[in-house]
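What's counted below: heavy atoms across the whole structure, side chains too, no hydrogens, waters or symmetry copies. We name chains A, B, ... by the order of the sequence lines, and we start the count at 1 in each one.
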Amino acid sequence: MPSITLPDGSVRSYDAPVSAFDVAMSIGERLARACVGCFINDELSDLSTVIDADCELKLVTEKTREKKDDPDALQLLRHSTAHVMAEAIQRVIPEAMLVYGPPVDNGFYYDIAFPEDRPLKDGDFEAIETEMASIVKEDRKFTRYDLEYSEGLEKVKSEGSKYKLDNAHAAHRAGSMTLSFYATGEPGKDWEDLCRGPHVPSTGRIGAFKIMSLASSYWHGDENSDRLTRVYGTAFFNKKDLNAHLERLEEAKKRDHRVLGKKLKLFHIDEAVGQGLILWTPNGSVLRKELQQFIAAELEKQGYHEVFTPHIGKLDLYRTSGHFPYYAESQFPPLIERDHMVQLSDEGCSCAQLSNHMKTGEIEGFMLKPMNCPHHIKIYDSQPHSYKDLPVRLAEFGTVYRWEQSGELNGMTRVRGFTQDDAHLFCTPEQVGHEVQGCLSLVKTIFNILGMDDYRVRVGLRDPDSGKYTGDPSNWDKAEKACLEAAESLGVPFTQEPGEAAFYGPKIDFVVKDVIGREWQLGTVQVDYNLPERFDLSYIGADNEKHRPVMIHRAPFGSMERFIGVLIEHFAGAFPVWLAPEQVRVLPISEKSNEYAGEVLSALHAVGIRATLDDADTRVQAKIKQGAEMKLPYMLIVGPRDAENRAVSVRAHGIQKDLGAMPLDNFVSAIAEEYRTKGRSSVKDRFQLVSV
RNA sequence: GCCGCUGUAGCUCAGUGGUAGAGCACACCCUUGGUAAGGGUGAGGUCGUGGGUUCAAGUCCCACUAGCGGCUCCA
């Protein structure tokens, strides 16, 4: 006789075991029909689950009471759709072996092993979707049944899929004494799958679905294991929601920094130059220069000294730092001295021998620098330091080169040559906490100015079970404590992630999402006890003894390339005035107004505004459209009326209507102010007050 | 690096074995205009590269190269 507690605290008692659906029916038929699943004691379950003991029950309906999408309901729906898709795929390609098909953000996927002679092609989508539609139309019930483990295992074995057998073993290892199966319809008659569930009540609940794309994956995520085909799809309760989702994807595509980079002429990647190597066009260069000037000014305030170092360094430098040969895979191959090269070639040295010689140090050469630290360390070490000098803060917009895997390259966000807004701080152990805090506040300042508040902070700590870390455990304790305290003082949520530390020290990373939901690490602050050791760095303490300084690596933007890539998407290409490559465009209505337009342009140039003149022989409507497409902050329409009043008619980005006319001098001073204050005052504000 | 998809004019794309196309951008002409595309004419292509099949290849096959979506990786 179960007593069931509902979310509102009310308790319902039943004489006999009841299903969650029965409970819903006893509350109301309409509710029951809207239900797709339930939580029984906080565990997401089938609506058909029979309840025979006291519990808390929360029903899951298609939409929440506020008519919003219910994430739990969508998860049930999508997992169920994954089953329907798998059945449809096996109808089309019967030899397809299913592996694993979970719901994910925005949809679901199913990893499937296809026979080599019959891979899945995107041309198959239509046929599969047709099969899916018919399964949905049949409105078959998802029917669960549980078998005792050994019995279930026999059943899975008899089906002959090593993948499903593996899933069964995994379930057992996780402590499950039974195996659950779901039939899409009637067990023994209809299609079924080993599955933990839960599912929506029946296939008819799937209102709208679409197979999105094919990708590949590895079994167990192991690149040496079987290659699987991952079929991505999505599903919603109705067509309208699906269409809205597809439209959102289209919108996101328009914000993609690779698309906008081309349209707004911000950067170019050229096959002839090389993969992952960014060519900054004039527009993009303006953007980058503004950011660099901004950050350089902030650094000066914080007592940093700017330095410049070359793009290459001797191999031996990186042997000392430990970066070579341990990270040889992710570096550009070394440059070997000419005479050496000739000699080796005459000796008939093989590539493997050459590589060994370089590792052992028998051959000297240079490396494109994969990071700036060794160079900065050598600057620190070029003279003796007193504890009174510390901290020493060396900053450089340093360009580094890393051999990223070709498949990982992505627009500006994953490249092979990039410029870090790098700095290295050398300080006493006591100063670590304070310095880390200074770094974090700098990052926060920058993010605030740019209005980037949608990021997360990750504190990477040691994995207590791993021995890969170097350095004194007591120093680690201190550094981790300092990082956590610093993160706390930031006043934004952060996560602690054991095992995410670098081998030489803990770190704090800033992670932001791009328009399609991928996360990118931007700024980073890392505490390092290792390199000072390796390079035998020291300072003289108050006790007149040598002491080991601690190093802090920090790059608040991460790299100019990745940061600007993310920034393009953040602003959707509509940059604030201080960053906009073209801040103002002057649009004369006809040739008759060209002369006055020229005056306006000169007035803007005189105060350092990046302004251009569109004196093309087209109508002003066309000029406005073009300017709007370039997402210009301001367009000034000037015609005879404006010339007469020495005014400009203002159009601001994001405001459909024109703002009307404003005296030229007022506009000039207002936009100069908007530029200078990085948007804290704007033409738009001023416009309300002063107009003609 | 691996799997799949894609590569045609500056850009976005159509063209599936038989003379290379459209829109936008560009040039010239007409138009001199008041808030998201005025009209006309023209120029622009070794169809990513290299091989192969074929009487004939942008189209089919192979290799390479680059981009995209994932996987793996990211000091």
If the [atom1] atom of [N] is compared with that of [M], how far apart are they to the nearest Å?
N: B/rG17; M: B/rC61; atom1: P; answer: 12 Å
N: B/rC5; M: B/rC74; atom1: P; answer: 28 Å
N: B/rG42; M: B/rA9; atom1: C1'; answer: 15 Å
N: B/rA20; M: B/rA63; atom1: C1'; answer: 26 Å
N: B/rU65; M: B/rU49; atom1: C1'; answer: 7 Å
N: B/rA37; M: B/rC28; atom1: P; answer: 24 Å
N: B/rC3; M: B/rC62; atom1: P; answer: 14 Å
N: B/rG10; M: B/rA43; atom1: C1'; answer: 13 Å

### Any donor-acceptor N or O pair under 3.5 Å, side chains A/H220, A/D166
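Result is yes, a qualifying pair exists.
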
Counting any heavy atom closer than 4.0 Å, what does [X] reach on the DNA or RNA strands: base, sugar-phosphate only, or nothing?
X: A/R258; result: sugar-phosphate
X: A/E500; result: nothing
X: A/Y109; result: nothing
X: A/N410; result: sugar-phosphate
X: A/S649; result: base
X: A/E591; result: base
X: A/G411; result: sugar-phosphate
X: A/G221; result: sugar-phosphate
X: A/Q275; result: sugar-phosphate
X: A/M371; result: base
X: A/A622; result: sugar-phosphate

Tell me: [atom1] of [X] to [atom2] of [N], nearest whole Å?
X: A/D124; N: B/rG4; atom1: CG; atom2: P; answer: 14 Å
X: A/R227; N: B/rG70; atom1: CZ; atom2: C1'; answer: 14 Å
X: A/L587; N: B/rU35; atom1: CG; atom2: C1'; answer: 9 Å
X: A/E629; N: B/rA36; atom1: CD; atom2: P; answer: 13 Å
X: A/Q521; N: B/rC73; atom1: CD; atom2: C1'; answer: 14 Å
X: A/D111; N: B/rC71; atom1: CG; atom2: P; answer: 10 Å
X: A/R641; N: B/rG33; atom1: CZ; atom2: P; answer: 12 Å
X: A/R619; N: B/rG34; atom1: CZ; atom2: C1'; answer: 10 Å

Which nucleotide sits closest to the side chain of [X]: [options]?
X: A/A215; options: B/rA75, B/rG34, B/rG70; answer: B/rG70
X: A/K592; options: B/rA75, B/rA37, B/rG33; answer: B/rG33
X: A/Y327; options: B/rG34, B/rG70, B/rA75; answer: B/rA75
X: A/D658; options: B/rG69, B/rG34, B/rU35; answer: B/rU35
X: A/R414; options: B/rC71, B/rC73, B/rA75; answer: B/rC73
X: A/P370; options: B/rC2, B/rA36, B/rA75; answer: B/rA75

For [N], give its Watson-Crick or G-U wobble partner with both distances under 3.5 Å, or none.
N: B/rG69; answer: B/rC3
N: B/rU32; answer: none
N: B/rA75; answer: none
N: B/rA37; answer: none
N: B/rC55; answer: B/rG18
N: B/rC24; answer: B/rG10

### Task
Treat primed atoms plus P, OP1 and OP2 as sugar-phosphate and everything else as base, then score nucleotides 7-12 of chain B 5' to 3': B for base contact with protein heavy atoms under 4.0 Å, S for sugar-phosphate contact only, - for none.
----SS

### Query
What class does the angle between the rings of A/Y455 and A/F510 fall in, given that below 30° is parallel, 30 to 60° is tilted and above 60° is perpendicular?
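Answer is tilted, since the angle falls between 30° and 60°.
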
Determine whether any donor atom in the side chain of [X] lies under 3.5 Å from an acceptor atom in the base of [N], or the reverse, and answer yes or no.
X: A/Y218; N: B/rC2; value: yes
X: A/D617; N: B/rU31; value: yes
X: A/T229; N: B/rG4; value: no

Please confirm whether the ring centroid of [X] lies under 6.0 Å from the ring centroid of [Y].
X: A/Y380; Y: A/F535; value: no
X: A/F332; Y: A/W403; value: yes
X: A/F557; Y: A/F563; value: yes

### Sub-4.5 Å side-chain heavy-atom contact between A/D256 and A/E569
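In short, these two side chains touch, coming nearer than 4.5 Å.
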
### Message
Test side-chain contact (heavy atoms from CB on, under 4.5 Å) on A/I211 and A/M132; report intermediate values, then the result.
### Response
CA-CA 10 Å; A/I211 302 175; A/M132 288 172 73; 4.1 Å; yes

### A/Q626 or A/K657, whichever maps to the more 5' nucleotide of RNA chain B
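Residue closer to the 5' terminus by nearest nucleotide: A/Q626.
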
### Task
Could you say whether A/G407 or A/S213 is positioned toward the 5' end of RNA chain B, judged by the nucleotide with the nearest heavy atom to each?
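Closer to the 5' end of RNA chain B: A/G407.
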
### Query
Would A/V566 and A/L522 count as a side-chain contact (heavy atoms from CB on, under 4.5 Å) if you check the C-alpha gap in whole Å, the side-chain angles of each, and the deciding distance to 0.1 Å?
CA-CA 9 Å; A/V566 170; A/L522 293 179; 4.2 Å; yes

### Query
From A/L260 CG over to A/K631 NZ, what is the distance, rounded to the nearest 0.5 angstrom?
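A/L260 atom CG to A/K631 atom NZ measures 5.5 Å (nearest 0.5 Å).
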
### Heavy atoms from other residues, nucleotides or ligands near OH of A/Y100 exceed 12 (cutoff 6.0 Å)
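At most 12 heavy atoms, drawn from other residues, nucleotides or ligands, come within 6.0 Å of this atom.
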
### Message
Any salt bridge linking A/R651 with A/D658? Criterion: basic side-chain nitrogen under 4.0 Å from a carboxylate oxygen.
### Response
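No, A/R651 and A/D658 are not salt-bridged.
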
### Query
Would you call A/R414-A/E404 a salt bridge at under 4.0 Å N-O?
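Yes, this pair counts.
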
### Message
Measuring to OP1 and OP2 of B/rG1, would you say a side-chain N or O of A/S406 lies under 4.0 angstrom away?
### Response
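Looking at the OP1 and OP2 atoms of B/rG1, one of them is under 4.0 Å from a side-chain N or O of A/S406.
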
